[in-house]
Amino acid sequence: MRIRISAAQAAGTVLVPLLALGATACSSSASGGTSSTGGAQPAAVAGSGSGAGKTLTVWYMDGDLSTEAQKAIDDKFTAATGAQVKVEIQQWDGINTKIATALAQDNPPDVIEIGNTDVPLFAASSGLTDITSALPQLQNGQHWLPGLEGPATVDGKSYGAPLFAGNRAVIYNKKIWAAAGITTAPTTFTQLTSDLDAIKAKNPAPDFSAFYFPGRYWYGALQFVWDAGGQLATESGGKWSGALESPQAQQGLTAWKSFVGKYSSAASQDVDTTAPDFNTLFAQGKTATILNSNINRILKVDASLKDDIGTFPFPSATDGKTQPVFLGGSDLAIAAKSKNQSLALAYLKAATDPSVQSSAIVGIDHWIPASSEVIDQTISTLPDVSKAFFTAAKTSVPTPAVAGWATVESDKSINDFFADIATGRKSPADAAKTLDAHLSQALNAPAQ
């Protein structure tokens with residue numbers, strides 16, 4: 001599952017068409033579950049001159065990295081190894097089937113860009129190389145973002161190196177907030193709710209939301225669960241179990257239900273972000289605040305709002321922290337049947353190199369980089385409206401690193417779960433009991 005919006009688009013500075021928010025790289029036919037993994041074990045990272053006369057084939061997805069950013073990675077790799085790079089751009093339609101087919105062949109692409117939550121799908125079939133032994137060289141002292149690294153870590157083994165990410169932050173209308181007497185962004189949850197109380201009192205219309213938060217918006221709702229210390233599921237002895245009935249998860253779900261019930265309109269409780277489009281509601285002044293990955297869609301509705309929009313990370317219930325976020329993005333993985341394992345590792349090392357991440361991933365394409373260190377190095381160079389997204393990205397939680405997670409995303413059970421709670425059709429406890437049972441079944445289903 002991936003967010004297709006870079007920080008530049010979040011700032012409204014780049015107006016180019018990308019996939020819709022939350023567009024998934026998981027095909028609707030993807031079926032998953034646990035299975036033994038164990039792709040090729042790579043040799044050491046290729047050294048200087050070892051790739052002379054060789055060419056590495058790399059698959060990138062259409063619309064992700066710019067040609068300039070790809071070249072920056074390729075140049076770093078070629079300088080380190082002497083090998084050349086053949087980039088092949090892939091289209092989104094049917095991509096998971098195409099990747100699965102390629103990995104099964106004797107001459108697959110060497111390196112493939114894969115959506116971060118999709119990596120377990122291909123690790124489960126032993127189609128990807130286990131790169132765990134090379135992590136010290138690849139990480140180069142960096143701390144990769146958990147929301148990117150976590151889904152690629154299956155049964156304690158790593159099958160992908162993070163490339164870039166996108167995520168969500170709070171977007172607010174500074175004029176509406178100022179009219180309620182608020183001129184600075186909140187930094188604690190208590191401040192946030194106090195500010196929203198003032199905004200709600202100033203705008204009593206029944207169709208106005210101080211903070212519009214759709215009930216089916218599971219990406220955002222999960223932040224409350226994670227913030228309370230809850231998890232979607234836990235793994236023990238190779239078996240996954242739904243964990244939403246835990247006291248921590250129940251605390252987060254109860255807090256979320258209270259929040260949306262108080263600050264979002266009743267009409268929002270059983271809808272997602274697109275019907276109605278919450279960017280349009282924001283642009284029309286029907287809400288003062290939303291949680292989203294960019295301001296660009298708002299500006300497409302009303303470009304005159306550009307100077308009236310502010311952003312901040314969603315504050316945690318614990319003062320001094322921000323809510324953990326869902327990261328959507330890409331990892332680079334190596335085909336287990338690649339004949340160029342060492343060179344492929346060198347390519348992953350080039351792509352995750354701090355200098356390339358800083359100059360190309362952030363500097364050229366304005367994506368969230370792979371590590372917290374590069375975030376810290378680059379955040380001061382960003383427009384103010386983009387900084388909140390980088391700050392929020394430093395605290396992330398991965399979805400379950402198992403192939404069956406694709407089933408949960410595609411069957412919309414998690415969307416229904418949060419809508420049932422928001423509308424009151426089910427209590428948080430009853431809803432959790434139902435989804436936990438489904439998670440336990442889906443995450444443990446045999447891989448197909």
Side-chain angles (χ1 to χ4, degrees), residues 1 22 24-37 96 116-121 123-125 147 150-151 153-156 213-261 269-272 324 326 397-448:
M1 184 67 71
T24 178
C26 303
S27 69
S28 60
S29 63
S31 59
T34 56
S35 73
S36 59
T37 56
N96 277 10
N116 58 325
T117 63
D118 286 340
V119 173
L121 282 170
S125 63
T153 306
V154 183
D155 295 334
F213 207 127
R216 293 183 176 273
Y217 192 26
W218 69 269
Y219 307 106
L222 266 182
Q223 294 187 191
F224 282 78
V225 174
W226 288 334
D227 191 49
Q231 295 289 335
L232 281 162
T234 58
E235 185 270 336
S236 178
K239 183 177 180 179
W240 286 85
S241 301
L244 291 164
E245 293 170 87
S246 72
Q248 297 89 344
Q250 286 293 300
Q251 178 183 337
L253 291 168
T254 300
W256 173 74
K257 177 178 171 59
S258 175
F259 185 87
V260 298
Q269 294 173 355
D270 204 16
V271 301
D272 210 325
F326 172 92
V397 176
T399 51
V402 61
W405 175 247
T407 299
V408 180
E409 287 191 356
S410 63
D411 67 16
K412 306 296 184 182
S413 55
I414 191 168
N415 308 62
D416 296 338
F417 165 72
F418 283 108
D420 284 344
I421 294 173
T423 60
R425 287 192 294 262
K426 293 183 179 180
S427 67
D430 288 342
K433 184 176 182 179
T434 300
L435 187 59
D436 275 351
H438 180 57
L439 286 167
S440 298
Q441 185 278 327
L443 299 183
N444 292 298
Q448 301 295 318

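Being a predicted model, the structure only gives us computed values, none of them experimental.
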Just list the side-chain donor-acceptor pairs under 3.5 Å for residues 252-261, sequence neighbours left out, or say none.
residue	atom	partner	partner atom	Å
T254	OG1	Q250	O	2.8
K257	NZ	I421	O	3.0

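- For the pair V225 and Q231, the tightest heavy-atom approach, listed with the atom from each and the gap, is CG1-N, 4.1 Å.
- Remark: W218 CH2 to D416 CG distance equals 13.0 Å, nearest 0.5 Å.
- For the atom pair CZ (F213) and CZ (F224), the distance works out to 5.5 Å, reported to the nearest 0.5 Å.
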Residues 434-442 side chain polar contacts: donor-acceptor under 3.5 Å, at least two apart:
residue	atom	partner	partner atom	Å
T434	OG1	K426	NZ	3.4
T434	OG1	D430	O	3.3
D436	OD1	A243	N	3.1
D436	OD1	L244	N	2.8
D436	OD2	L244	N	3.2
D436	OD2	E245	N	2.9
H438	NE2	D411	OD2	2.6
H438	NE2	S413	OG	3.4
S440	OG	G242	N	3.0
S440	OG	D436	O	2.9

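- Closest of all the heavy-atom pairs between P120 and P151 is CG-O, 3.1 Å.
- Interatomic distance, CG of D227 versus CD of Q248, reported as 12.5 Å (0.5 Å rounding).
- Between F326 and W226, the ring center distance fails the sub-6.0 Å criterion.
- Considering every non-hydrogen atom in both A401 and V154, the closest pair reads O-CG1, 3.8 Å.
- We find that R216 and D272 are not joined by a salt bridge, their nearest charged nitrogen and carboxylate oxygen being 4.0 Å or further apart.
- With rounding to the nearest 0.5 Å, the separation of CG in D270 from CZ in R425 is 4.0 Å.
- I414 places a side-chain heavy atom less than 4.5 Å from the side chain of L232.
- Residues Q223 and P324 come closest through the heavy atom pair CG-O, 3.1 Å.
- For N116 (side chain) and G147 (main-chain N/O), a donor-acceptor pair under 3.5 Å exists by modelled atom type.
- At least one donor-acceptor pair under 3.5 Å links the side chain of N444 to the backbone N or O of W240.
- Looking at L443 and E235, their side chains never come closer than 4.5 Å, going by heavy atoms from C-beta outward.
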